[in-house]
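I have placed the structure first, in the form of structure tokens, so that the comments after it can refer back to it.
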Amino acid sequence: MRISDPRIVAKLAEMHVDLRPGTALAELTSLGIGGTTDLLRIKKHESLPDLLSLLDANHVPHKFLGGGSNLLVGDGELPWVVLQLVRPEPDVVLDGNLAHVDGAADLGRMITFCAKNDLGGMEGLIGVPGTVGGALRMNAGAYGMQIGSYVREVKLYRAASRKIEVLQGDQISFEYRHTSFAPDDMMLSVILELPSKPFKVILEGIRICNEKRRSSQPLGQKSAGCIFKNPPGASAGRMIDDLGLKGLSVGDARVSDRHANFFVNAGHASAKDMLTLIADVRERIQKTYGVSLENEVVVWNA
Ligand code: EPU
């Protein structure tokens with residue numbers, strides 16, 4: 001989708017929004033898959049309500065992009081523009097045990113920064129790629145830890161009220177890879193309350209998690225992490241592996257040889273290839289186990 005009306009382009013500039021026409025989303029996603037559209041980079045949170053009113057008034061559909069690390073985007077010219085926050089400097093400010101973090105901050109860098117200041121709790125999430133806003137929206141978790149456990153307060157753009165709102169941690173429900181945020185809410189910033197721990201102790205926790213991750217996940221390859229959520233009491237990866245599906249391919253979309261719930265882009269996979277592979281694996285699991293696997297990866301398909 002292209003914004004070509006000069007009046008809209010001029011208004012975007014007034015709102016401190018940087019318009020990047022014809023951006024290839026394949027370059028902004030960890031899977032390296034995705035078509036082309038206009039990217040709108042937002043420098044000021046406060047401009048969001050006006051920006052969204054402008055887009056709505058001109059019938060320009062939109063989607064919010066975080067770090068693009070848990071996302072499968074459709075091929076070709078995309079029928080919506082993409083909005084993304086520009087990361088401010090600094091993106092983390094500490095106040096005792098509270099970390100004030102911008103939604104566009106990199107999750108791993110934020111955890112490392114807090115660790116250096118003797119604040120821990122999120123060691124398990126160190127290798128999870130993406131932004132803090134994206135991690136929050138999904139309640140990202142690993143090795144028994146999840147970001148939701150540490151949330152004191154969230155500032156977000158609420159699609160329902162069309163306003164920027166502040167929610168307290170206890171007003172939000174954080175479940176396994178799911179939150180009470182609406183799909184079109186945008187996470188702007190968060191206050192995390194982190195336990196005090198000596199840097200050396202946090203570092204040891206990080207080292208152990210990194211080792212486990214390196215030995216079980218295809219880290220050097222293009223992927224979106226786990227494709228399916230684990231069904232209650234079971235592991236989707238183990239179920240897929242037990243069916244002998246590692247290496248199963250559609251074009252360059254391939255079930256990882258290392259972890260069967262990671263599907264990798266081994267070259268120039270299209271979204272169509274990846275979606276066909278996902279549907280095929282889901283069907284085989286359904287037939288064998290009678291379980292319908294739910295996507296963990298977010299799919300933006302036209
Ligand atoms: N397993 C296999 N074959 C495989 C993969 C796994 O037999 O190909 C077995 C493992 O040996 C293990 C069990 O299945 O006994 C569970 O595997 P693992 O420890 O890798 O955990 P997982 O349930 O597959 C979850 C999260 C990961 C997270 C890890 C570590 C989900 C869907 N996945 O994976 O998160 O990194 O635990 O905590 O919840 C993600 O969210 O994208 C993600 C990768």
Side-chain angles (χ1 to χ4, degrees), residues 29-33 65-73 106-108 111 120-150 174-179 181 187 202 204-249 253-266 274-275 277-278 280-282 284-286 288-289 291-300:
T29 57
S30 57
L31 259 176
I33 294 176
L65 177 70
S69 58
N70 190 44
L71 186 61
L72 171 54
V73 181
D106 177 80
L107 180 66
I111 295 171
M122 303 221 294
E123 295 81 323
L125 286 161
I126 188 83
V128 175
T131 60
V132 170
L136 199 59
R137 141 138 276 330
M138 288 290 297
N139 190 20
Y143 304 111
M145 294 161 190
Q146 53 179 32
I147 189 167
S149 314
Y150 301 100
F174 290 102
E175 291 155 42
Y176 167 65
R177 300 295 196 274
H178 180 79
T179 62
F181 299 120
M187 308 296 112
I202 303 174
E204 181 55 15
I206 287 176
R207 196 188 58 75
I208 293 168
C209 291
N210 272 343
E211 236 164 60
K212 282 194 203 163
R213 201 182 291 281
R214 258 197 302 272
S215 67
S216 63
Q217 300 182 357
L219 299 188
Q221 286 176 283
K222 290 182 191 166
S223 85
C226 285
I227 287 288
F228 300 111
K229 291 184 186 180
N230 283 337
S235 158
R238 187 197 297 253
M239 291 162 95
I240 301 167
D241 191 2
D242 286 349
L243 287 191
L245 301 181
K246 279 182 170 167
L248 183 72
S249 305
R254 182 182 166 91
V255 177
S256 160
D257 293 316
R258 184 162 276 230
H259 193 299
N261 197 12
F262 279 65
F263 293 10
V264 300
N265 173 5
M274 195 53 84
L275 287 166
L277 184 64
I278 292 172
D280 184 8
V281 171
R282 179 181 283 116
R284 292 174 193 239
I285 293 287
Q286 174 77 49
T288 310
Y289 300 98
V291 170
S292 175
L293 291 178
E294 201 185 316
N295 278 359
E296 206 250 342
V297 66
V298 174
V299 178
W300 289 355

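Just so you know, these numbers use all the heavy atoms, side chains as well, and skip hydrogens, waters and symmetry mates. One-based numbering, in listed order, for ligands and for the atoms of each.
At distances below 3.5 Å, at least one donor-acceptor pair connects side-chain atoms of T179 with backbone N or O atoms of R137. The backbone N or O of G121 sits less than 3.5 Å from a side-chain atom of Y150, completing a donor-acceptor pair.
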Please output the side-chain donor-acceptor pairs of residues 291-299 that fall under 3.5 Å, not counting sequence neighbours, one pair per line with the distance.
unit_1: E294; atom_1: OE2; unit_2: K229; atom_2: NZ; d: 3.1
unit_1: N295; atom_1: OD1; unit_2: R282; atom_2: NH2; d: 2.4
unit_1: E296; atom_1: OE2; unit_2: R177; atom_2: NE; d: 2.9

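Salt bridge R207/E204: present, at least one basic N to carboxylate O contact under 4.0 Å.
Each side-chain hydrogen bond (donor to acceptor under 3.5 Å, both in side chains) pair with one or both residues in residues 234-243, not counting sequence neighbours, appears once here: D241-K246.
Residues passing the side-chain hydrogen bond (donor to acceptor under 3.5 Å, both in side chains) test with D106: none are found, sequence neighbours excluded.
When heavy-atom distances to ligand 1 are checked against 4.0 Å, the residues falling inside are A142, Y143, Y176, R177, R213, Q217, G225, C226, F228, N230, S235, G237, R238, D241, K246, H259, A260, N261, F262, E296, ordered by chain and number.
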